[in-house]
There are 2 protein chains.
Amino acid sequence: MKVEESELNGRLERFRDTCRKAGVKLTQQRLEIFREVASTLDHPDAEEVYRGVRDRVPTVSLDTVYRTLWMLHDLGLVSTLGPRGGSMRFDANGNPHHHYVCVLCGLVRDFESPALSDLEIPRGVGAFGSVLAARVEVRGLCRKCAKTRSAGRGSESLIRPASPIRDSR
Amino acid sequence: MKVEESELNGRLERFRDTCRKAGVKLTQQRLEIFREVASTLDHPDAEEVYRGVRDRVPTVSLDTVYRTLWMLHDLGLVSTLGPRGGSMRFDANGNPHHHYVCVLCGLVRDFESPALSDLEIPRGVGAFGSVLAARVEVRGLCRKCAKTRSAGRGSESLIRPASPIRDSR
DNA sequence: CTATTTGCAAATAATTTGCAGTGCG
DNA sequence: CGCACTGCAAATTATTTGCAAATAG
């Protein structure tokens, strides 16, 4: 799924800006790697970014993709999603948001919600340490998986409480 | 941090029970592997479980630990936490709960909260698919890290919005 | 007894690193 | 023009798998 033109331009703008301010060199591969993450609503892993960028910059190497993604992370331009199924995934949505995750295929979609963003954190939590941010992760079966699955049969072992994806590589 | 005696016994009870019902054999290593995860409030990774179990069952192998942890997961006896820093972590707390995660050292602590557990999920989310569960992850700097850090200097690059741990192996 | 389960060692997957050449500022 | 950046290949880390020996029920 594609990010809107205007939003994408804003992100690219911020990217150039941040690079300049941070004094990091603006290379072709960095631009394209950022563009790849910033232009999709999916949250791709390094391999997917690599495949996408290779079309435009045939010589990029996978390790440059990794290095750049972590560099973008260090600059605060992308955040990461713990690996749903093997590999780390990257997220260029800079606005406060939450995630919907399909427990079967690993699809992730962002959603915003003032209500959830202003969550009341129980006071007891303060005992653990400071609170910097809170994020909600909603798990479920996405449209497509629900369809595929019901085609087969009813429900199997699926509703294992809050378990992430244990995928079948 | 240790789980209370009574709670631990309940977990072990449920473990034996579930194994029997599922028809899986109750071996020494399985019992000790489960005990290791079930008796701590930390959420250890396979390697940590391995080290702990080895004291009591010197011949266990790391792969048995992996196989057993995933088997416990399949039986619904443990859930997983996306890798904070390299490796998958396992959680034997069967009650609905949320997580506090230290962005520096990766410490995880559970907390319960009726308010958060009854979260109102925005209707828009239904468009993505069904909703099975929702979990809140609160990020912050734990007590210990805050202390260690302030010993050095003030704040550095730390407050990178909602970024997980990019650790220094 | 006998199907499961285990331990070992070797295989895979994801990610990182050292180094020599290349190109941005 | 120099130092940060890149590509390559080799190294590491986490995790999985095939197989013969061990064991729970």
Side-chain angles (χ1 to χ4, degrees), chain A residues 15-34 43-51 53-54 56-75 78 80-90 106 164-169, chain B residues 15-34 43-51 53-54 56-75 78 80-90 106 164-169:
Chain A
F15 164 68
R16 288 181 218 269
D17 226 55
T18 307
C19 285
R20 208 167 304 122
K21 280 176 190 156
V24 305
K25 291 183 179 174
L26 201 347
T27 65
Q28 189 62 27
Q29 27 279 74
R30 281 177 179 173
L31 175 57
E32 294 304 333
I33 288 166
F34 179 75
H43 299 302
D45 63 22
E47 194 80 38
E48 290 166 325
V49 172
Y50 177 52
R51 282 200 292 274
V53 170
R54 222 170 11 173
R56 282 166 280 140
V57 188
T59 65
V60 274
S61 63
L62 180 57
D63 60 296
T64 296
V65 172
Y66 273 106
R67 277 189 287 222
T68 302
L69 288 171
W70 285 118
M71 190 256 269
L72 293 170
H73 179 262
D74 288 343
L75 292 177
V78 305
T80 53
L81 299 185
R84 313 261 122 228
S87 39
M88 189 66 82
R89 298 171 63 162
F90 298 83
I165 289 119
R166 170 86 169 101
D167 76 347
S168 40
R169 305 182 204 166
Chain B
F15 165 68
R16 288 180 220 269
D17 225 56
T18 308
C19 285
R20 206 166 306 123
K21 279 176 189 155
V24 304
K25 292 182 177 174
L26 201 347
T27 66
Q28 189 62 28
Q29 27 279 73
R30 280 177 180 172
L31 174 58
E32 295 304 332
I33 288 166
F34 179 74
H43 298 301
D45 63 20
E47 194 81 39
E48 290 166 324
V49 172
Y50 177 53
R51 282 199 290 275
V53 170
R54 220 169 13 172
R56 281 165 281 139
V57 188
T59 66
V60 275
S61 63
L62 180 57
D63 60 298
T64 295
V65 172
Y66 272 106
R67 278 189 288 222
T68 301
L69 287 171
W70 285 119
M71 190 257 268
L72 294 170
H73 178 262
D74 288 343
L75 292 178
V78 304
T80 53
L81 298 186
R84 312 261 121 229
S87 39
M88 189 66 83
R89 298 171 62 163
F90 298 84
I165 289 118
R166 170 83 169 102
D167 77 346
S168 41
R169 302 183 205 167

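These numbers come from the heavy atoms of this one structure, side chains and all, not from hydrogens, waters or symmetry mates. The chains referred to below are lettered A, B, ... by the order of the sequence lines, with proteins before strands, and numbering in each begins at 1.
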How far apart are the closest heavy atoms of F90(B) and A46(B), and which atoms are they?
CE1-N, 4.3 Å
Among the candidates dC24(C), dG7(D), dG7(C), find the nucleotide nearest to the side-chain atoms of S61(B).
dG7(C)
Think Y66(B) has a side-chain N or O under 4.0 angstrom from the OP1 or OP2 of dT15(D)?
yes
Tell me whether R30(B) forms a cation-pi arrangement with F34(B), defined as NZ or CZ under 6.0 Å from the six-membered ring centre and within 45 degrees of its axis.
no
Quick check against the 3.5 Å criterion: does R89(B) have a side-chain atom that pairs as donor or acceptor with the backbone of H43(B)?
yes
For the residue pair E32(B) and V60(B), establish whether any side-chain heavy-atom pair is separated by less than 4.5 Å.
no
Rounding to an integer number of Å, can you tell me how far L75(A) CG sits from dC5(D) P?
10 Å
Taking the side chain of Q29(A) as heavy atoms from C-beta outward, which of dG7(D), dA14(C), dA9(C) is closest to it?
dG7(D)
For the pair made of CE in M88(B) and P in dA13(C), what is the distance, rounded to whole Å?
17 Å
Distance check: side-chain N/O of T59(B) vs OP1/OP2 of dT6(C), anything under 4.0 Å?
no
For the pair made of NZ in K25(A) and C1' in dC24(C), what is the distance, rounded to whole Å?
5 Å
At less than 4.0 Å, is any side-chain N or O atom of W70(A) found next to OP1 or OP2 of dT15(C)? Yes or no.
no
For atom NZ of K21(B) and atom C1' of dG25(D), their distance in whole Å
18 Å
Phosphate contact (dT5(C) OP1 or OP2) by R67(B) side-chain N/O below 4.0 Å:
no
For E32(A) and dC24(C), what is the distance between atoms CD and P respectively, to the nearest whole Å?
13 Å
Would you mind classifying the nucleic acid contact of D63(A) as base, sugar-phosphate or nothing, using non-hydrogen atoms under 4.0 angstrom?
base
Please determine if a side-chain N or O atom of T64(A) lies less than 4.0 Å away from the OP1 or OP2 oxygen of dT6(D).
no
Can you tell me how far C1' of dT5(C) sits from CG of L69(B), to the nearest Å?
15 Å
Taking only N and O in the side chain of Q28(B), is any of them less than 4.0 Å away from OP1 or OP2 of dT6(C)?
no
Output the single nucleotide from dG7(C), dT6(C), dT15(C) whose closest atom is nearest the side chain of T68(B).
dT6(C)
Between V24(A) and V57(B), whichever has its closest DNA chain C nucleotide further toward 5' is V57(B)
Should R30(B) be listed as having a side-chain N or O under 4.0 Å from OP1 or OP2 of dT6(C)?
yes
Could you tell me which non-hydrogen atom of L75(B) sits nearest to which non-hydrogen atom of V24(B), and how far apart they are?
CD1-CG2, 4.4 Å
